[in-house]
Visitor: 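The following block contains the structure, expressed as C-alpha cells.
The model shown is predicted, which means the values in this text are computed figures rather than measured ones.
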Amino acid sequence: MKNPVLQVMVYGTNIAASRVSLEYPGVQLDEVVQVDNPNYLFLYLKVTPEAQPGTFDILFRDGKKTQTYTYELKPRATSPGAAGFTPADVMYLITPDRFANGDPSNDNAYKDVVIDRNQPNSRHGGGLKGVMDRLDYIADLGFTTIWLNPVQENKQRGGSYHGYAITDFYQVDARFGTNREYCDLIEQAHRKGLKVVMDMIFNHCGSDHWWMEDLPAKDWLNHQEAFEQTTHYLWPVMDVHAPQTEIDAAVNGWFTRGMPDLNQRNRHLATYLIQNSIWWIEYSRIDGIRQDTHPYADFDFMARWCKEVLEEYPEFNIVGEAWYSKVPATAWWQRNSKVSDKESYLKTIMDFGLTFACEEVFAIRDEEAKELNPGHFRGFGTLYELLAQDFLHADLDNILIFLDNHDLSRFVKKDETDLRRYKQALAFLLTTRGIPQLYYGMEILMSGEKREGDGNLRKDFPGGWPGDPVDAFTKEGRTPLQNEAWDYMQTLLQWRKNNQAVTQGKLIHYTPDQTGCYVYARIKEGTTVLVILNGHDQEETIDMYRFREVLQNSRTGREVITGQPMDLSGSLAIPAKGTYILELQ
C-alpha cells in the first residue's frame, strides 16, 4: 500500500502486560501502544516494499507464558474492482432485507430475532443470495451499479433490518450471508458489467457492538459517560458564526440511543475505521462507498479518510450523505470547494436540494405542487434556478441525483395511474447533470409515505420470496401499468448507456417561459440531445427558433422513446405534462 503502516488491534485478558515481538523480512514492529483498557493493545507495523506475502508469528510474552498469533500478509488484489462510479453510471439502490430471499436457511441465524413480514420494522429475510439471483434482472433493466444498504453485521436486539447499527465492521450480517458470499456477489456483478457500492457508517456503531461490553479507551465514544443525543442540526458545522458548543452538540451527540457516537479524534479508532474501508476494497473489490451521515462525524477525520482511500485507489469514488436542501451547503462539502476554506476531499455529494425541488415540480397536479410550496410555486422555474446555481459546485460530474431513497417518501404515490409525471421525472433525472440513483421498486411503481413509518418506504419486492402470489420480477407478474412504467425505464436506461452527450456532455438550459416548458440540451462533440418538458396541464406550443443556438443546422430530431422523427424547423406542440427526448439529426 502507499501507506506502509498497518494497525493491528489486539484484544485479550490483560494483554497489555505482554511484551510483543515478531520477525519477518520487510515487516517492522514500529510501535506498541497501551491504552486505558489493559485488555487491548494497538500494534503499528511498518510493511516495506520488500515484504512478500506469507505468514508470521506475533509473540506475546507475559512472564513465563507466551501466546502466539499467526498473521497472514496477503498479496494485493488483481481482480476487477475499485473502479469508482461516474455520470456514465446509474445506481440501483437496494434494501437487502426487503428485496429478495434467496436463502431462507439463514433467516434465523440469530435466534433472538424473528422473521415477520407482516411487521414493517421487523426482519423480512432478504439477503445476498436474493440479490445475486436478480443480477440479470438489474442488468436487463439497464442499471450499471448496485448500491446496497449496509450489509455488515447488525446483531442488535430488535433486528436492525435497515443495517445502520453495525456490531462488527469486518463481518457481513449472517442473516444476509457470509463474507465469502458477499465477495461472490461482487464477482458475479462485475462479470455482468455491474459495479457495487458499499454503504458505510463511521459516525456511529450499534449499541450491541462487541466492543461496547469492554471499550478500549475512555474516549472511544463521544459522551461515553451518558447518552446525549445529537441536535440533528447540521448548519453549525459550516457556519462561520457558530460557537463551538453548537458544533459539538451536532457532531458529538448520539444519532439515537441505539447508535453510540464514535469519537474519531481518538487516534486508534480513526486508523481502525480507515483501514476497515481499505480492507473491504482490497478484500471484496467494491467499486465505491456511500458514507452515511457524513457531516455528523469529525470533519478532519472524514477528510483524512477520503484522502487516504483515494490515494490508494485514485479511480475509486466516495459519495457522502450531507442532507442539505440549499446549493451552497451542498457545494461546501465537495472537495476543492469554491465556498469553503476547508478541504473535505469528498469526491461526490448527494443533491437533496434537487430531490426536494423534483418533489414539488413533478407533483401529481399543479394544485398539489402549490400546496407543497405555497406562494412560491414557479413550476420548472424551480429546477432552472437550482441548476443555475451550479457555478457554486466544484465538480458537476460528481453529484448524486435522485428522486427518492430509503429515507424519503417514495416518488410514486399510492394508486397513481397517470404515468406522465413518472415519465417526466425519469426523463429529467436520466438526462440532466450528475450521477442518477433510482430506488428499487420504482420500476414497478412501488409507493410509501414517510409519515407512515420508515418500514413503509422499504416494502418487500413482490416475487422475492418463495410462495409470493405475484412475481413482479417477470413481465407476466406485473400489471399493464407496471409494465408500461418498467418498459419506459428500461428504454431510457439502455439508451443512456450509449449516449455520451448525456453522460459526458455540456448542459445548456433555457429559462422556462409562459408556456411552462423547460428546454435543455446535452451536447458533446457535435452530438446533441434536446429535452422538452411541459409543466402545464394543457398542450403548449413553442417556437423552436428560440433554441437555434443548440439546434445549429438540425431541423429534425428522433424521439428516443417512440423512435419517431419530429420536425423542429418551426413551432412544436408539446402535450399536456408531455416529455420529448430528441436526438438531433
Visitor: Looking at N3, is its backbone amide N or carbonyl O close enough to the side chain of E312 to form a donor-acceptor pair, meaning the two atoms are under 3.5 Å apart?
Guide: yes

Visitor: Please check if the side chain of Q171 supplies one atom and the backbone of E153 the other of a donor-acceptor pair under 3.5 Å.
Guide: no

Visitor: Within a 6.0 Å radius of atom NZ on K506, are there more than 12 heavy atoms belonging to other residues, nucleotides or ligands?
Guide: no

Visitor: Check T231 against A250 and note the closest heavy-atom contact, atom names and distance.
Guide: OG1-CA, 3.5 Å

Visitor: Any chance you could measure T144, atom OG1, to I138, atom CD1, to the nearest 0.5 Å?
Guide: 11.5 Å

Visitor: Would you say the side chain of L430 lies within less than 4.5 Å of the side chain of L493, judging by non-hydrogen atoms?
Guide: yes

Visitor: Answer yes or no on whether R267 is positioned over the face of Y272, meaning its NZ or CZ is under 6.0 Å from the six-membered ring centre and within 45° of the axis.
Guide: no

Visitor: Could you tell me whether a side-chain N or O of N263 sits under 3.5 Å from a main-chain N or O of D219, the two making a donor and an acceptor?
Guide: yes

Visitor: For H209 and F169, I'd like to know if the aromatic rings sit close, meaning centre-to-centre distance below 6.0 Å.
Guide: yes

Visitor: Salt-bridged, E416 to R421, with N to O below 4.0 Å?
Guide: yes

Visitor: So do the side chains of D261 and L221 get within less than 4.5 Å of each other, counting heavy atoms only?
Guide: no

Visitor: With side chains defined as the heavy atoms from C-beta onward, is the minimum distance between L533 and V531 less than 4.5 Å?
Guide: yes

Visitor: For K413 and S447, indicate whether the former's side chain and the latter's backbone hold a donor-acceptor pair under 3.5 Å.
Guide: no

Visitor: Are F402 and Y439 an aromatic pair, judged by ring center distance below 6.0 Å?
Guide: no

Visitor: Could you tell me whether the side chain of R98 and the main chain of K459 form a donor-acceptor pair under 3.5 Å?
Guide: no

Visitor: Nearest 0.5 Å, please: how far is CG in L438 from CZ in F411?
Guide: 10.5 Å

Visitor: Cationic tip of K342 within the cone over F299's six-membered ring, i.e. under 6.0 Å and within 45° of the normal?
Guide: yes

Visitor: Taking the six-membered ring of Y440 as reference, does the NZ or CZ atom of R410 fall below 6.0 Å from its centre and within a 45° cone about the axis?
Guide: yes

Visitor: Might you confirm whether atom CD of Q244 has over 12 heavy atoms from other residues, nucleotides or ligands at distances under 6.0 Å?
Guide: yes

Visitor: Could you tell me if the side chain of V90 sits less than 4.5 Å from the side chain of T145, heavy atoms only?
Guide: no

Visitor: Please step through salt bridge (charged side-chain N to carboxylate O under 4.0 Å, His left out) for the pair R265 and D298, ending with a clear verdict.
Guide: CA-CA 7 Å; R265 292 178 295 278; D298 181 74; 3.5 Å; yes

Visitor: In Å and rounded to the nearest 0.5 Å, what is the CG to CH2 distance from L6 to W279?
Guide: 13.0 Å

Visitor: Can you confirm whether more than 12 heavy atoms, excluding those of E452, are under 6.0 Å from its CD atom?
Guide: yes

Visitor: Take D407 and R458 through the test salt bridge (charged side-chain N to carboxylate O under 4.0 Å, His left out) and record every step on the way to the result.
Guide: CA-CA 9 Å; D407 287 325; R458 308 158 185 170; 3.1 Å; yes

Visitor: Check D300 with R304, please: is the shortest side-chain N to carboxylate O separation under 4.0 Å?
Guide: no

Visitor: Give a yes or no on whether the backbone of V309 and the side-chain of E311 come within a donor-acceptor separation of less than 3.5 Å.
Guide: no

Visitor: Heavy-atom count around R257 CZ within 6.0 Å, excluding the residue itself: above 12?
Guide: no

Visitor: I'd like to know whether W280 forms a ring-ring contact (aromatic ring centres under 6.0 Å, His included) with Y182, so could you lay out the CA-CA distance, the side-chain angles of the two residues, the decisive distance to 0.1 Å, and finally the verdict.
Guide: CA-CA 11 Å; W280 276 114; Y182 183 59; 5.7 Å; yes

Visitor: Salt-bridged, R290 to D199, with N to O below 4.0 Å?
Guide: yes

Visitor: Can the ring centroids of Y345 and W305 be said to lie less than 6.0 angstrom from one another?
Guide: no

Visitor: Can you name the nearest heavy-atom pair linking P512 to G381, along with the distance?
Guide: CG-N, 3.7 Å

Visitor: Taking E449 for the side chain and N456 for the main chain, is one N or O donor matched with an acceptor at less than 3.5 Å?
Guide: no

Visitor: So, taking the atom named CD in Q156 and the one named NE2 in H162, what distance separates them when rounded to the nearest 0.5 Å?
Guide: 8.0 Å

Visitor: Can you confirm if the NZ or CZ of R123 lies within 45° of the ring axis of F176 and under 6.0 Å from the centre of its six-membered ring?
Guide: yes

Visitor: Checking ring-ring contact (aromatic ring centres under 6.0 Å, His included) for the pair Y40/H268: CA distance, chi angles, key distance, verdict?
Guide: CA-CA 11 Å; Y40 288 86; H268 309 298; over 10 Å; no

Visitor: Can you name the nearest heavy-atom pair linking T579 to A427, along with the distance?
Guide: CG2-CB, 3.5 Å

Visitor: Say you draw a straight line from CD1 of I435 to OG1 of T348; how long is it, rounded to the nearest 0.5 Å?
Guide: 4.5 Å

Visitor: Run the salt bridge (charged side-chain N to carboxylate O under 4.0 Å, His left out) check on D208 and R157 step by step: do they pass?
Guide: CA-CA 8 Å; D208 288 326; R157 284 160 284 190; 2.3 Å; yes

Visitor: For P328 and L392, work out which heavy atoms get closest and say how close.
Guide: CG-CD1, 3.8 Å

Visitor: What distance do K326 atom NZ and M238 atom CE have between them, rounded to the nearest 0.5 Å?
Guide: 13.0 Å

Visitor: With the threshold set at 4.0 Å, does a side-chain nitrogen-carboxylate oxygen contact exist between K155 and D168?
Guide: no

Visitor: Parallel under 30°, tilted from 30 to 60°, perpendicular over 60°: which one fits the rings of Y518 and Y520?
Guide: tilted

Visitor: Does L262 reach the side chain of C205, with side-chain heavy atoms less than 4.5 Å apart?
Guide: yes

Visitor: Taking all heavy atoms of V319 and all of I349, pick out the closest pair and write down the distance.
Guide: CG2-C, 4.1 Å

Visitor: Hey, is the main chain of G206 close enough, under 3.5 Å, to the side chain of T167 for a donor-acceptor pair?
Guide: no

Visitor: Has E549 got more than 12 heavy atoms of other residues, nucleotides or ligands less than 6.0 Å from its CD?
Guide: no

Visitor: Search all heavy atoms of N154 against all heavy atoms of D173 and return the closest pair with its distance.
Guide: N-OD2, 2.8 Å

Visitor: If you count the non-hydrogen atoms of other residues, nucleotides and ligands that lie under 6.0 Å from NZ in K524, is the total more than 12?
Guide: yes

Visitor: As a quick check of understanding, evaluate ring-ring contact (aromatic ring centres under 6.0 Å, His included) for F255 and H232, giving each step before the final call.
Guide: CA-CA 8 Å; F255 202 76; H232 290 291; 4.8 Å; yes

Visitor: Please step through salt bridge (charged side-chain N to carboxylate O under 4.0 Å, His left out) for the pair R433 and D351, ending with a clear verdict.
Guide: CA-CA 11 Å; R433 57 92 171 122; D351 196 345; 3.0 Å; yes

Visitor: Tell me whether the rings of F362 and F428 are parallel (<30°), tilted (30 to 60°) or perpendicular (>60°).
Guide: tilted

Visitor: Taking atom OH as the centre, does Y11 end up with more than 12 heavy-atom neighbours from other residues, nucleotides or ligands that are less than 6.0 angstrom away?
Guide: yes

Visitor: Looking at K414, I want to see if its NZ is surrounded by more than 12 non-hydrogen atoms of other residues, nucleotides or ligands under 6.0 Å.
Guide: no

Visitor: Between the side chain of S344 and the main-chain N/O of W333, is any donor-acceptor distance below 3.5 Å?
Guide: yes

Visitor: Taking the side chain as every heavy atom from C-beta outward, state whether F380 and V361 have any pair of such atoms under 4.5 Å apart.
Guide: yes

Visitor: Between E282 (side chain only) and A77 (backbone N and O only), is there a donor and an acceptor less than 3.5 Å apart?
Guide: yes

Visitor: Got N203 and D292 here, is their nearest side-chain heavy-atom distance under 4.5 Å?
Guide: no

